[in-house]
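Structure first, then comments.
In what follows, every chain begins at residue 1, and chains take the letters A, B, ... in the order their sequences are listed.
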There are 2 protein chains.
Amino acid sequence: MKRAKKKVFTDFMTQRGLKSTKQRDLILDAFLSSDRHLSIEELYLKIRAKHPNIGYATVYRTLKLFAEAGIAREMQFGDGQTRYEHVGEGEHHDHLVCTRCGSIEEFENETIEQLQTEVAASRGFLIERHRLELYGLCGNCRK
Amino acid sequence: MKRAKKKVFTDFMTQRGLKSTKQRDLILDAFLSSDRHLSIEELYLKIRAKHPNIGYATVYRTLKLFAEAGIAREMQFGDGQTRYEHVGEGEHHDHLVCTRCGSIEEFENETIEQLQTEVAASRGFLIERHRLELYGLCGNCRK
DNA sequence: CTCCAGTTGAAAGTGGATGTCATAATAACG
DNA sequence: CGTTATTATGACATCCACTTTCAACTGGAG
């Protein structure tokens with residue numbers, strides 16, 4: 001899976017005539033081996049710990065590249081920071097965001113997706129993408 | 001309906017010991033008589049057209065007040081601006097956002113809400129609020 | 001090895017939101 | 001009605017999370 005995404009990214013780079021660099025390899029590794037939903041800042045600090053001479057702008061630009069390459073997706077959960085999540089082949093999921101501890105779980109529900117399509121169709125609306133987030137208390141925080 | 005919201009707001013102001021001012025009245029009128037989902041900037045410009053000596057900060061602060069009073073709600077649709085929508089008594093709805101013309105329609109679907117609750121329950125998650133947005137092309141823009 | 005297009009990191013720039021503060025306006029009181 | 005204690009306003013400054021700029025620095029094709 002990591003391998004697969006690395007391949008997707010190198011192919012993307014080749015196809016666009018972009019270069020492979022130490023920094024990009026580092027950032028890709030850090031991204032793939034991280035929890036999902038890290039912000040630029042978080043990933044930057046994480047990498048920075050081991051490689052103090054990497055710039056914020058590079059992390060920023062590289063994450064954008066990941067998004068273009070289709071291995072990452074930008075998300076906003078209302079905390080004022082853009083977060084990047086991993087994207088698998090055509091996979092989609094929605095989120096449960098804990099308002100206390102900030103943890104983010106994922107879920108999928110085919111029936112909901114189906115209903116969304118119906119609602120849209122009844123308005124003549126063509127869905128390109130959607131976002132569904134449930135905010136509240138996660139199991140841990142309810143105790 | 002406008003009357004009702006005005007009352008809610010004046011009650012809120014009284015209860016909090018806040019003053020009634022020309023500016024607040026103006027902004028409230030403009031807000032209530034506007035399309036839904038205006039950004040601060042949009043409402044500011046709209047008011048500014050008739051009343052050139054009103055400040056952006058006043059609009060900003062007043063909208064925050066509306067939100068606290070419960071007659072408005074802050075929303076983010078990913079265009080980098082905070083938008084304020086009208087809120088009725090305990091009412092809730094989701095959004096269809098056109099990625100071409102930017103128009104925003106609303107819809108409600110009880111079944112989807114129900115399914116959300118079930119998904120959350122199965123994870124031990126307690127929903128406080130949610131957001132569901134469908135992005136795509138509206139009827140007009142598909143033509 | 002050379003050379004050039006692509007990269008990097010530091011620093012400056014942006015845009016929207018938010019804070020500051022002297023001045024102005026409200027509303028309660030005398 | 002004036003006075004006065006607050007509260008509100010508006011111009012401006014600041015913050016913050018990106019986003020762009022640019023001179024110095026590679027990667028890799030030839």
Side-chain angles (χ1 to χ4, degrees), chain A residues 9-31 37-69 72-84 102, chain B residues 9-31 37-69 72-84 102:
Chain A
F9 188 56
T10 18
D11 288 353
F12 170 80
M13 301 257 279
T14 306
Q15 184 221 328
R16 291 259 292 245
L18 303 178
K19 291 175 182 171
S20 137
T21 67
K22 309 183 207 50
Q23 289 92 334
R24 285 177 177 166
D25 289 348
L26 263 171
I27 297 170
L28 182 53
D29 276 335
F31 175 67
H37 312 111
L38 287 194
S39 66
I40 303 172
E41 181 81 13
E42 287 166 351
L43 191 57
Y44 168 65
L45 291 176
K46 179 174 167 174
I47 296 172
R48 185 98 196 199
K50 299 255 181 183
H51 308 272
N53 46 349
I54 203 158
Y56 176 95
T58 303
V59 177
Y60 161 78
R61 285 184 294 231
T62 306
L63 282 172
K64 289 272 183 202
L65 275 186
F66 293 170
E68 285 186 63
R73 183 186 294 125
E74 298 188 354
M75 305 281 329
Q76 301 275 161
F77 294 105
D79 64 347
Q81 296 201 227
T82 300
R83 292 173 181 284
Y84 286 81
Chain B
F9 188 58
T10 19
D11 288 353
F12 169 81
M13 302 255 280
T14 306
Q15 183 220 331
R16 290 259 292 245
L18 302 177
K19 290 174 181 170
S20 137
T21 69
K22 309 182 206 51
Q23 289 91 333
R24 285 176 177 165
D25 290 347
L26 264 172
I27 297 170
L28 182 54
D29 276 335
F31 176 66
H37 312 111
L38 287 193
S39 66
I40 303 171
E41 181 80 13
E42 286 166 350
L43 191 58
Y44 168 64
L45 290 177
K46 179 174 169 174
I47 295 171
R48 185 98 195 198
K50 298 255 180 183
H51 308 273
N53 45 349
I54 204 159
Y56 175 95
T58 302
V59 177
Y60 162 77
R61 287 181 295 231
T62 306
L63 282 172
K64 289 271 183 206
L65 275 186
F66 293 170
E68 285 185 63
R73 182 187 293 125
E74 298 187 354
M75 305 281 329
Q76 302 274 163
F77 293 105
D79 64 346
Q81 296 202 221
T82 300
R83 292 173 180 284
Y84 286 81

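The shortest distance between the side-chain N/O atoms of Gln23(A) and the OP1/OP2 oxygens of dT26(D) is not below 4.0 Å. Contact annotation: Ser20(A) does not reach the phosphate of dG27(D) (side-chain N/O to OP1 or OP2, under 4.0 Å). In this model, the phosphate group of dT7(D) is not approached by any side-chain N or O of Thr21(B) to a distance below 4.0 Å at OP1 or OP2.
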* Given Glu41(B) and Gln81(B), is the side-chain contact (heavy atoms from CB on, under 4.5 Å) satisfied, shown in steps? -> CA-CA 9 Å; Glu41(B) 181 80 13; Gln81(B) 296 202 221; 3.8 Å; yes

* What's the verdict on side chain to side chain donor-acceptor pair (under 3.5 Å) for Gln76(B) and Thr82(B), showing C-alpha distance, side-chain angles and the deciding distance? -> CA-CA 5 Å; Gln76(B) 302 274 163; Thr82(B) 300; 3.0 Å; yes

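A straight line from CD of Gln76(B) to P of dA17(D) spans 14 Å, rounded to a whole angstrom. Following rounding to the nearest Å, Leu18(A) (CG) and dA29(D) (P) show an atom-to-atom distance of 13 Å. Across the protein-nucleic acid pair, Asp79(A) atom CG and dC16(D) atom P stand 15 Å apart, rounded to whole Å. Per the geometry, CD belonging to Gln81(A) stands 14 Å off C1' belonging to dC15(D), to the nearest Å. Across the protein-nucleic acid pair, Lys22(A) atom NZ and dT26(D) atom C1' stand 7 Å apart, rounded to whole Å. Rounded to whole angstrom, the span from the CD1 atom of Ile40(A) across to the P atom of dT20(D) amounts to 12 Å.
Note: Phe66(A) CZ to Phe12(A) CZ = 10.5 Å, rounded to the nearest 0.5 Å. Atoms OG1 and CZ, from Thr62(B) and Phe9(B) in turn, are 6.5 Å apart once rounded to the nearest 0.5 Å. Taking CD of Gln23(A) as the start and NE2 of His51(A) as the end, the distance is 10.5 Å to the nearest 0.5 Å. Put simply, OH on Tyr56(A) and CD1 on Ile47(A) are 12.0 Å apart, with the number rounded to the nearest 0.5 Å. One distance of note links NZ of Lys46(B) with CG of Leu38(B); it measures 6.0 Å at 0.5 Å rounding.
Contacts between residues 50-64 of chain A and DNA chain D, defined by a heavy-atom separation below 4.0 Å, involve Tyr56(A), Ala57(A), Tyr60(A), Arg61(A), Lys64(A), listed by number.
At a threshold of 4.5 Å between non-hydrogen side-chain atoms, the residues Thr21(B) and Leu26(B) do not count as touching. The shortest distance between side-chain heavy atoms of Leu18(A) and Leu65(A) falls below 4.5 Å.
Note that the first and last nucleotides of DNA chain C, 5' to 3', having any atom under 4.0 angstrom from a heavy atom of chain A are dA5(C) to dA10(C).
Between Phe77(A) and His37(A), the ring planes are perpendicular. Angles over 60° get that label, and only those under 30° would be called parallel.
With Tyr84(B) as reference, Glu74(B) is the one residue of Met75(B), Glu42(B), Arg73(B), Glu74(B) to meet the side chain to side chain contact (heavy atoms under 4.5 Å, CB included) rule.
Note on Thr82(B): only backbone sugar-phosphate atoms sit closer than 4.0 angstrom, heavy atoms only; bases stay farther off.
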I'd like a list of close polar pairs between nucleotides 2-6 of chain D and the protein, N/O only, cut-off under 3.5 Å.
from	atom 1	to	atom 2	distance (Å)
dT6(D)	O2	Lys19(B)	NZ	2.4

